[in-house]
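Per chain, numbering begins at 1; letters A, B, ... match sequence-line order.
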Amino acid sequence: MQLATWNINSLSVRLPHLLDWLAARAVDVVALQELKLTDDKFPVQALERAGYTAAWFGQKTYNGVALLVRVPGALSAVQRNIPGFPDDQARVMAATVQPAPNAAALRVIGAYVPNGQAPGSDKFAYKMRWLEALRGWVAQELARHPRLVLMGDFNITVDDDDVWDPEGLRDTIHCTREERAHLQALKDLGLYDALRLFPQPPKSFTWWDYRQLAFAKNRGMRIDHIFISDELKNRAIACCIDREMRKRTQPSDHAPVVLTLADE
DNA sequence: ATGGCCATCGCGGATGGA
């Protein structure tokens with residue numbers, strides 16, 4: 001089975017891309033970020049026709065996340081936002097995913113971590129608080145659910161290998177020690193960076209700026225991640241970045257990351 | 001080079017993204 005995360009930068013604009021991608025890849029579980037629409041605008045019928053059941057958590061203009069599962073799977077125990085962390089932004093949701101009637105259930109958390117704008121800014125402080133709260137919640141979730149996936153747009157590079165110009169971008173947003181320490185702290189809970197479990201081409205990125213032909217020059221960063229618990233690590237057989245959708249006209253600035261798990 | 005692109009809101013140009 002395949003699980004994926006994709007920041008689609010507006011579900012309204014990118015719905016055709018998403019439907020094409022779902023038809024081509026038939027991924028079983030998808031976490032989407034940056035829907036940029038309110039709950040009433042979520043294209044539930046189009047996704048049902050494409051063969052997916054969804055749960056969503058929208059917001060006007062900004063943010064918004066969703067989880068999709070390919071039928072006959074099911075989503076249950078949906079949680080929106082981090083319990084005990086009041087937040088007026090729709091950035092994270094969890095669900096228990098039954099990928100097939102007789103398959104083992106997975107706990108899936110889809111996250112859109114705040115951008116942070118610049119170190120020292122109010123938005124950076126919010127990013128740090130938000131990640132602190134996320135870690136506390138993920139620790140609880142992991143204790144309850146040994147088969148756990150935490151995936152999404154983290155807006156953080158793990159290390160310099162995730163940055164096209166690590167010297168030029170030293171200590172800038174997405175690349176600071178404080179941000180990277182948060183990713184390490186999440187991993188220290190017992191999570192593994194799924195992409196790094198497998199050999200990857202050098203300069204494997206998930207986001208490229210729209211400007212300056214950044215994608216054509218592969219001037220990007222890896223800021224979208226899939227973290228998996230030890231039980232799922234034992235079933236992981238492949239993980240890759242799907243650059244094809246970034247090559248289309250009017251693309252999202254992010255590419256999907258896809259994890260393949262062995263069936264039990 | 002104090003930028004370059006894109007989406008949103010809303011109909012000009014500011015804001016946020018990364």
Nearest of B:dG17, B:dA7, B:dC5 to any side-chain atom of A:Arg211?
B:dC5
Of the listed nucleotides (B:dA7, B:dT8, B:dA18), which one gets closest to any side-chain atom of A:Thr61?
B:dT8
For nucleotides 14-16 of chain B, give me every protein contact, N/O to N/O, under 3.5 Å, one pair per line with atom names.
from   : atom 1 : to       : atom 2 : distance (Å)
B:dG16 : O5'    : A:Lys123 : NZ     : 3.4

Check every strand shown and say whether A:Asn155 touches a base, only sugar-phosphate, or nothing at a heavy-atom separation below 4.0 Å.
sugar-phosphate
NA contact type, A:Asn7, heavy-atom cut-off 4.0 Å: base, sugar-phosphate, or nothing?
sugar-phosphate
Side-chain N or O of A:His254 versus OP1/OP2 of B:dA18: is the shortest distance under 4.0 Å?
yes
By the 4.0 Å heavy-atom rule, please label A:Phe215 as base, sugar-phosphate, or nothing.
nothing
Flag yes if more than 12 heavy atoms outside A:Asp122 fall under 6.0 Å of its CG atom; otherwise flag no.
no
Taking OP1 and OP2 of B:dC6, is either one under 4.0 Å from a side-chain nitrogen or oxygen of A:Ser10?
no
Which whole number of Å gives the distance between the C1' atom of B:dC11 and that of B:dA1?
30 Å
Quick one: does A:Asn115 reach the base of B:dA18 with a side-chain donor-acceptor pair under 3.5 Å?
yes
Bracket string, DNA chain B, 5' to 3' - pairs by Watson-Crick or G-U geometry under 3.5 Å, | interstrand:
....(((((...))))).
Give me the distance, rounded to whole Å, that separates B:dG4 from B:dG17 when you measure between the C1' atoms they each carry.
15 Å
